[in-house]
Colleague: 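One structure follows; several queries about it will come next.
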Amino acid sequence: MELVQSSRVERRASAQLRLASWRPKGAKVIVADLNADKGEELAKEIGGQFVAVDVTSTEQIEAAVNAATELGPLRALVNSAGIGWAQRTIGRDGEFGSAHNLDAYKKVIAINLIGTFDCIRLAATAMSRNEPLDAHGERGAIVNMASVAAFDGQIGQASYSSSKGGVVGMTLPVARDLAAVGIRVNTIAPGLIDTPIYGEGEAAEAFKAKLGESVLFPHRLGAPDELASMVVELVTNSYMNAEVIRVDGGIRMPPK
Ligand SMILES: NC(=O)c1ccc[n+]([C@@H]2O[C@H](COP(=O)([O-])OP(=O)(O)OC[C@H]3O[C@@H](n4cnc5c(N)ncnc54)[C@H](O)[C@@H]3O)[C@@H](O)[C@H]2O)c1
């Protein structure tokens, strides 16, 4: 049983996982997202089940975890819900009022960082009740989606980078906490991945091609499948634990 927080990256990712790995292993997927239309569509595509979840609601996360455990033992959680916000820390006019919107900062932290931790603590609690999968006592695996912005935050990315840096920072201590019950925790820091986050149509394609030039090699955005294959590896490779892995074509983001 896999609980997957949906996203456009993960929608494509889970479609690929289904073909490559999950279905042969007999996994069933709960797609948990705010967006019911797209979440339902994905769940249908992969033979999973959609549960409406706002990751700032502990109650709704619990409901999704319970729905997952009704399908079988919960073995994997992929944390991918996330939002961005672009604003400089201070304005140009010297007025307090034009400083970074503090509510926006708190919202990004609430979803990207606290939401991720809340999903981890609740899903891991359910996983801790599982029978071990092997003689070493593995009970489950968790994969978080951070960002290269955790390391190379650009101008205007204070809130987003803070949130993703928090996810990177929690990876080791949470993996240490959960080692006692045989749950592995890893985090991916994607670079520029081709999702609808960049828009659609001709102008978006031109923008993405331009963005891709800044990637070390290959000079393009990453395909969702290339990210998905790392998710599969981290879910299935029992010797991967407490690690943060960049999947970014070698990009190092400049200040702007
Ligand atoms: N696309 C990229 O280049 C890129 C790069 C680095 C990191 N990431 C990270 O990967 C993840 C997926 O990004 P994406 O590109 O697919 O973006 P996306 O906007 O397509 O997906 C984000 C998903 O999160 C959901 N969501 C937002 N707020 C939520 C909430 N409160 N509760 C539940 N769900 C919520 C949205 O409905 C959406 O399905 C995000 O965490 C993002 O920060 C993406």
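None of the values given here were measured: they were computed from a predicted structure. The first residue of the sequence shown is numbered 1, and numbering continues consecutively from there. Start at 1 and go down the list; that is how both ligands and their atoms are numbered.
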Colleague: Any N/O of I111 closer than 3.5 Å to an N/O of ligand 1?
Modeller: no

Colleague: G84 near ligand 1, heavy-atom distance under 4.0 Å?
Modeller: no

Colleague: Could you check whether D177 pairs with R121 (Lys NZ or Arg NE/NH1/NH2 to Asp/Glu carboxylate O, under 4.0 Å)?
Modeller: no

Colleague: Has ligand 1 got any nitrogen or oxygen that is less than 3.5 angstrom from a nitrogen or oxygen of I197?
Modeller: no

Colleague: Mark up the atoms of ligand 1 that fall under 4.0 Å of a heavy atom belonging to S80, in ascending order.
Modeller: 11 (C), 12 (C), 40 (C), 41 (O)

Colleague: With respect to T195, determine whether any N or O atom, backbone or side chain, lies less than 3.5 Å from an N or O atom of ligand 1.
Modeller: yes

Colleague: Evaluate the side-chain proximity of S98 to E95: yes if any heavy-atom separation is below 4.5 Å, no if none is.
Modeller: yes

Colleague: Is the count of non-hydrogen atoms from other residues, nucleotides or ligands lying under 6.0 Å from R252 atom CZ greater than 12?
Modeller: yes

Colleague: So L122 and T58, do their side chains get closer than 4.5 Å, heavy atoms only?
Modeller: yes

Colleague: If the cut-off is 4.0 Å to any non-hydrogen atom of Y198, which atoms of ligand 1 fall inside it?
Modeller: 2 (C), 3 (O)

Colleague: Would you mind running through ligand 1 and noting each atom that sits below 4.0 Å from a heavy atom of G191?
Modeller: 3 (O), 4 (C), 5 (C), 6 (C)

Colleague: Using a 4.0 Å heavy-atom cut-off, which part of A32 comes near ligand 1: side chain, backbone, both, or neither?
Modeller: neither

Colleague: Can you find a side-chain donor-acceptor pair between T116 and N144 that sits under 3.5 Å?
Modeller: no

Colleague: Measure up the Y105 and H100 rings against each other and bin them: parallel (under 30°), tilted (30 to 60°), perpendicular (over 60°).
Modeller: perpendicular

Colleague: Identify, by atom number and element, the atoms of ligand 1 in contact range of I83, meaning under 4.0 Å from any of its heavy atoms.
Modeller: 27 (C), 28 (N)

Colleague: Could you tell me whether some N/O pair between S147 and ligand 1 is separated by less than 3.5 angstrom?
Modeller: no

Colleague: Going by the atom numbers of ligand 1, which of them fall below 4.0 Å from some non-hydrogen atom of D54?
Modeller: 30 (C), 31 (N), 32 (N)

Colleague: Is the contact between K38 and ligand 1 made by the side chain, the backbone, both, or neither, using heavy atoms and a 4.0 Å cut-off?
Modeller: neither

Colleague: Any heavy-atom pair between the side chains of M170 and I120 that's under 4.5 Å?
Modeller: yes

Colleague: Would you call E226-R220 a salt bridge at under 4.0 Å N-O?
Modeller: yes

Colleague: Provide the number and element of each atom of ligand 1 under 4.0 Å from a heavy atom of K164.
Modeller: 40 (C), 41 (O), 42 (C), 43 (O)

Colleague: Which of the atoms in ligand 1, numbered in the order shown and given with their element, are less than 4.0 Å from a heavy-atom of L192?
Modeller: 3 (O)

Colleague: May I ask you to say whether D194 pairs ionically with K208, meaning some side-chain N is under 4.0 Å from a carboxylate O?
Modeller: yes

Colleague: Do L178 and I142 make a side-chain contact, defined as non-hydrogen atoms from C-beta onward lying under 4.5 Å apart?
Modeller: yes

Colleague: Tell me the contacting part of V53 for ligand 1: side chain, backbone, both, or neither, using a 4.0 Å heavy-atom threshold, strictly below.
Modeller: backbone

Colleague: Among G39, G82, A36, which one has a heavy atom closest to atom 24 (O) of ligand 1?
Modeller: G82

